[in-house]
Amino acid sequence: MSSNRFTPRGFPRVPLQNGIGRYICQLKRITLRFCKSSGSSRGIRDFIETDLINFAQDHPGTALYLKPRRHKSPSFVAEYLNGEREVISCHNFTAQQTIKWLNLYTTRSGIPLMRYAKMWHTECPSIQGVWSPFTNKDPALNITQFPSEMLSKPVWEEKSATEELIEMINKQKISDENDDNTQKVQAAQL
Amino acid sequence: MSQLGRVKQWNTFARCWHLFDAAWQNPLECAPSIEKYLKGLNKPIYHPLVDCGDHVVVINSKQIAFPGEEWRRRVYFHHTGYSGGATWTPAWELHDRDPTMIFRKAVYHHMKGNLFRRVVMERLHIYSDSNVPEEVIENITNQIPPLRSIPKTLGSYSKEEIEKYPKIIDYPEDFILSKN
């Protein structure tokens with residue numbers, strides 16, 4: 001099981017950037033081992049009768065071998081391009097179950113099961129560089145004399161009633177001036 | 001580790017010094033923002049087990065402000081451990097004895113009680129006024145913005161500002177606003 005603490009720990013990886021641009025099936029050889037007479041091989045024999053040809057046609061990159069063995073439990077061996085070899089018991093499998101497990105082992109990369117430390121991995125952790133306390137800081141801070149009056153103001157503050165009153169008066173003054181000006185212009189036009 | 005990588009590591013975990021002006025600030029309100037810098041919670045590299053906290057220098061702690069009746073109502077409890085050794089000191093009395101104590105206690109009590117609390121508190125330097133030793137002030141690279149602005153007192157207005165100020169009525173000549 002991949003959650004076991006004794007399984008090796010690692011990051012997701014892929015052989016030779018497989019799947020980027022082109023995909024190469026990493027399964028190079030499958031050997032179906034079964035018995036011609038025993039009941040436990042019934043499902044795998046059904047699979048050979050019905051779906052084996054289709055399976056072989058769908059996976060032209062995989063060599064498929066049939067290996068009848070008398071009075072032995074059925075199994076299949078999956079061998080990968082990286083040299084890994086896995087044996088899967090097909091005891092009492094139905095034909096459907098055999099297809100399911102074959103599909104699983106054809107789509108695998110052959111890298112042994114591992115406990116993922118993270119679900120992602122990158123060879124290039126950061127392009128802009130590692131963060132430091134001085135990144136994105138205003139360089140003016142380097143020559144600022146502390147305590148600085150500029151920085152000793154709150155980031156945001158609600159306007160006081162006095163400030164609002166002063167603002168209203170200033171606005172009124174401006175509008176009065178504008179009115180005067182327009183009146184003058186109208187008088188000149190007349 | 002390469003030489004450059006080593007220097008990058010030092011740069012990332014460089015300890016910074018922040019300045020905080022406590023004049024007219026409520027220490028209970030300031031404690032969360034001070035704690036953030038002391039523990040390094042403002043950094044993207046933060047992890048509870050990584051020692052990435054910064055130093056905070058608090059000045060003018062004598063001029064802290066409490067709202068309402070707080071100076072009289074807030075009481076600091078201490079027990080010597082002996083029977084009858086309990087004392088309750090009002091905030092104003094404690095502030096008279098040590099002007100840095102209320103601010104220190106506010107930050108200390110805001111933090112969660114664990115083994116790191118006293119270590120983190122060692123990085124908090126509180127001064128009752130703005131006289132900070134030269135070896136401390138030269139380290140400072142940043143100033144923490146205060147939560148409230150310092151209100152302008154009546155005495156600090158210049159004559160020009162008073163004359164310029166919009167007024168509703170003209171006071172009679174024998175009406176005395178202030179001595180100067």
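Keep in mind that what you see is a predicted model, and the values were worked out from it rather than measured. Throughout, protein chains are lettered first and strands after them, A, B, ... in sequence-line order, and every chain is numbered starting at 1.
Interatomic distance, OG of S152(A) versus CH2 of W24(B), reported as 15.0 Å (0.5 Å rounding). Separating the CG atom in N142(A) from the OG1 atom in T141(B) is a distance of 8.5 Å, to the nearest 0.5 Å. Summarising the geometry, atom CG belonging to N11(B) is positioned 8.5 Å from atom OG1 belonging to T135(A); distances are rounded to the nearest 0.5 Å. Here the CD1 atom belonging to I45(B) is positioned 9.0 Å from the OG atom belonging to S132(A), to the nearest 0.5 angstrom.
Heavy atoms of K43(B) lying under 4.5 Å from chain A belong to its backbone as well as its side chain. Contacts of I166(A) with chain B are made by side-chain atoms alone, with heavy-atom separations under 4.5 Å and no backbone atom involved. Heavy atoms closer than 4.5 Å to chain A are found in the side chain of Y165(B), but not in its backbone. Of the two parts of L151(A), the backbone and the side chain both hold a non-hydrogen atom closer than 4.5 Å to a non-hydrogen atom of chain B. Only the side chain of I59(B) comes within less than 4.5 Å of a heavy atom in chain A; its backbone stays farther off. Heavy atoms of L147(B) lying under 4.5 Å from chain A belong exclusively to its backbone.
Surrounding CD1 of I169(B) are more than 12 heavy atoms belonging to other residues, nucleotides or ligands, all under 6.0 Å away. The environment of I53(A) atom CD1 is sparse: at most 12 non-hydrogen atoms of other residues, nucleotides or ligands sit within 6.0 angstrom. The number of heavy atoms from other shown groups lying within 6.0 Å of CZ (R13(A)) does not exceed 12. Within 6.0 Å of the CG atom in L16(A), the count of heavy atoms belonging to other residues, nucleotides or ligands does not exceed 12. A 6.0 Å sphere centred on CG of L49(B) holds more than 12 heavy atoms belonging to other residues, nucleotides or ligands.
Connection of L32(A) to L27(A) is established within a shared hydrophobic cluster, with ILVMFWY side chains joined at heavy-atom distances below 4.5 Å, either directly or through further cluster members. Linking Ile, Leu, Val, Met, Phe, Trp and Tyr whenever their side-chain heavy atoms come within less than 4.5 Å leaves Y65(A) and L52(A) in two separate clusters. By the rule that hydrophobic residues join a cluster once side-chain heavy atoms approach within less than 4.5 Å of another member, I137(B) and I144(B) end up as members of separate clusters. A single hydrophobic cluster is seen to contain both V107(B) and I126(B), as judged by linkage of ILVMFWY side chains at heavy-atom distances under 4.5 Å, directly or through other members. Grouping the Ile, Leu, Val, Met, Phe, Trp and Tyr side chains by contacts below 4.5 angstrom, directly or via other members, places I88(A) with F55(A).
Residue P154(A) comes nearest to R148(B) through the heavy atom pair CG-C, 3.8 Å, listed as atom of the first residue, atom of the second, then distance. Taking every heavy atom of both residues into account, P133(A) and A14(B) meet most closely at CG-O, 3.6 Å. The minimum heavy-atom distance linking N142(B) with F146(A) is given by the pair N-CZ, 3.6 Å.
P147(A) is listed as a side-chain neighbour of Q143(B), based on a closest heavy-atom distance under 4.5 Å. The closest side-chain heavy-atom distance from S149(B) to K153(A) is not below 4.5 Å.
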* Asked: What do the steps show when you test C16(B) against F134(A) for side-chain contact (heavy atoms from CB on, under 4.5 Å), and what is the final call?
  -> CA-CA 9 Å; C16(B) 293; F134(A) 312 106; 4.2 Å; yes
